[in-house]
There are 2 protein chains.
Amino acid sequence: MNSKEKILIQAKTLFAERGFADVSMRGLAKTVNMSAAALYHHFPDKNTLYLETVQYAFADKALLFSEIWKIDSSAEKKLGLFVDSLIQVLISDSEFHRLIQRELLDGNTERMKILAEDVFQQQFYFLLVLMKEIAPERDAHSLAISVSSLCMRHIEMQSLCRFLPDWKQEHENPEVIAKHIISLLLNGLKGDT
Amino acid sequence: MNSKEKILIQAKTLFAERGFADVSMRGLAKTVNMSAAALYHHFPDKNTLYLETVQYAFADKALLFSEIWKIDSSAEKKLGLFVDSLIQVLISDSEFHRLIQRELLDGNTERMKILAEDVFQQQFYFLLVLMKEIAPERDAHSLAISVSSLCMRHIEMQSLCRFLPDWKQEHENPEVIAKHIISLLLNGLKGDT
DNA sequence: GTCTATATGGCGATAGAC
DNA sequence: GTCTATCGCCATATAGAC
């Protein structure tokens, strides 16, 4: 593995965990056993390093769900698989998840465009098709946002939920979360569980 | 208004906008026309200042919805009012909203407890009661999380959604968002709009 | 491609006058 | 309660040797 890739891997970890302002070039250099000066051979400045780190972290995510859309099954079943997969990806690559959260919070327009086009767009498109099939009389865009919102936030709220009434251990089980979301989407509050 | 309050107001703005690490005592001092040293008369260190700022920003939010729960109306109607109010609060006090996002991302256990007990707990309790009334056979805790997740994330995703397929201007209208969420909750994907 | 050394400046926090 | 001055440290970034 070349140096640049080694740097990007560690940068992803550090930026995800502590954010842009709280990561120093010195600190990053230490984790890859380099001097800080050496980083500047690979990246012109800290800002560019961050941008490239984000793009690196997002690079392979666009294709992650492609098998789901090809499956010959009902739209509801596909939606279930998508929710399962999204939750699994967010949990298994929590650095990726945290970088998305940070980008959403920052709201930089240029990087929003990158996030939209490089990460979300393809899956979002298929999700739109699915929504139009399941609920043709509704607003597909809003529904697709709702699906991803539910998956992401249910995970992000875990550290808070422990301190809220009626919390149970099982609420942190990914499969329980997924099942809840699917059921809510398909049936609404009043449907069967 | 005394100096301490003036400091807290500006600190809320700065911490919400740029995060703990990216706010300097010098910079904060400038916005309140003070020397940095003077800040240390009111707060022992930057960490304590941040903690007090968060508590200050959260202080009056707990009671914001109390009228809703008293209204003599159907549970569905109350849920609608809650969603409307939550979205309105998040939009009208975006600094408050951003501080919550930052706290959720940080995940500090001590401060999660503060956030849960000082901000969420009371509304969450009433929301639980509402959920048990509307959907007695379902998991009320998960449903209450879903309600707040939908409200918060739909707003947080706005800067991203502009770059996603099928986006329309009206998707940023708070009333449109609220109506969508209510309809999704009450009817699920397949219900009427 | 990586190093050491360094320029330049901002940071949190404190001392002590008023 | 606020100031100026300062300590000691760490930051980004660059220069130049190897």
Side-chain angles (χ1 to χ4, degrees), chain A residues 1-57 59 95 98-99 102-103 105-108 110-111 114, chain B residues 1-57 59 95 98-99 102-103 105-108 110-111 114:
Chain A
M1 189 191 320
N2 61 26
S3 290
K4 186 159 180 171
E5 197 175 348
K6 228 185 304 184
I7 295 167
L8 286 173
I9 290 171
Q10 292 300 322
K12 180 187 167 191
T13 302
L14 288 176
F15 282 132
E17 201 58 42
R18 328 203 309 197
F20 179 84
D22 208 30
V23 172
S24 72
M25 298 298 270
R26 283 167 152 92
L28 170 58
K30 217 171 204 171
T31 69
V32 287
N33 285 108
M34 272 185 181
S35 69
L39 300 179
Y40 288 89
H41 174 78
H42 301 279
F43 307 91
D45 53 39
K46 191 185 174 186
N47 248 297
T48 308
L49 168 57
Y50 178 72
L51 187 65
E52 288 200 35
T53 302
V54 170
Q55 285 173 314
Y56 166 79
E95 292 175 0
R98 290 176 68 83
L99 282 175
R102 293 197 185 279
E103 288 299 295
L105 189 50
D106 201 49
N108 176 285
E110 235 179 291
R111 296 208 306 272
I114 293 173
Chain B
M1 189 192 318
N2 60 26
S3 289
K4 186 158 181 173
E5 198 175 346
K6 227 187 304 185
I7 295 168
L8 287 172
I9 290 171
Q10 292 300 323
K12 181 186 167 192
T13 303
L14 289 176
F15 282 132
E17 201 57 42
R18 330 204 310 197
F20 179 84
D22 208 30
V23 172
S24 72
M25 298 297 272
R26 283 168 155 88
L28 170 58
K30 216 172 205 172
T31 70
V32 287
N33 286 108
M34 270 185 183
S35 69
L39 299 179
Y40 287 90
H41 174 79
H42 301 279
F43 307 91
D45 52 40
K46 191 185 173 185
N47 247 297
T48 308
L49 168 56
Y50 178 72
L51 186 65
E52 288 199 35
T53 301
V54 170
Q55 285 173 314
Y56 165 78
E95 292 175 0
R98 290 176 67 84
L99 282 175
R102 293 198 185 278
E103 288 300 294
L105 189 50
D106 201 51
N108 176 285
E110 236 180 291
R111 295 208 308 270
I114 292 173

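Numbered from 1 within each chain, the chains take letters A, B, ... in sequence-line order.
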Atom pair distance, as rounded to whole Å: [atom1] in [X] and [atom2] in [N]:
| X | N | atom1 | atom2 | result |
| --- | --- | --- | --- | --- |
| A:Asp22 | C:dG12 | CG | C1' | 14 Å |
| B:Leu39 | D:dC3 | CG | P | 9 Å |
| A:Lys4 | C:dG1 | NZ | P | 11 Å |
| B:Phe43 | C:dG12 | CZ | P | 15 Å |
| B:Leu28 | D:dT2 | CG | P | 13 Å |
| B:Lys30 | D:dC3 | NZ | P | 13 Å |
| A:Asn33 | C:dT4 | CG | C1' | 17 Å |

**OP:** Report yes or no: is the cationic atom of B:Lys4 (NZ for Lys, CZ for Arg) under 6.0 Å from the centre of the six-membered ring of B:Phe43, at an angle within 45° of the ring normal?
**Re:**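 That pair qualifies as a cation-pi contact.
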Subject >> Sequence-aligned protein contact record of nucleotides 4-18 of chain D, with B where the base is within under 4.0 Å of a protein heavy atom and S where only the sugar-phosphate is >> reply: B------BBBBB---
**OP:** Report the C-alpha separation of A:Leu105 and A:Arg102 in whole Å, then their side-chain angles, then the decisive distance to 0.1 Å, and conclude whether the side chain to side chain contact (heavy atoms under 4.5 Å, CB included) test is met.
**Re:** CA-CA 5 Å; A:Leu105 189 50; A:Arg102 293 197 185 279; 5.6 Å; no
Original post:
Is B:Asn2 touching bases, backbone alone, or none of the nucleic acid, heavy atoms closer than 4.0 Å?
Top reply: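 Nothing, no heavy atom under 4.0 Å.
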**OP:** Not counting sequence neighbours, which residues clear side chain to side chain donor-acceptor pair (under 3.5 Å) with A:Lys46? List them please.
**Re:** none
Original post:
Stepwise, does the side chain to side chain contact (heavy atoms under 4.5 Å, CB included) test hold for B:Val54 with B:Phe15?
Top reply: CA-CA 9 Å; B:Val54 170; B:Phe15 282 132; over 6 Å; no
Original post:
Is the shortest side-chain N/O distance from B:His41 to OP1 or OP2 of D:dG1 below 4.0 Å?
Top reply: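 Yes, such a contact exists.
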Original post:
With sequence neighbours left out, which residue pairs that include part of residues 17-28 of chain B fulfil the side-chain hydrogen bond (donor to acceptor under 3.5 Å, both in side chains) condition?
Top reply: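 Non-adjacent pairs meeting side-chain hydrogen bond (donor to acceptor under 3.5 Å, both in side chains): zero.
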Original post:
Looking at A:Leu14, A:Asn47, A:Asp106, which one forms a side chain to side chain contact (heavy atoms under 4.5 Å, CB included) with A:Phe20?
Top reply: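 Option passing the side chain to side chain contact (heavy atoms under 4.5 Å, CB included) with A:Phe20: A:Asn47.
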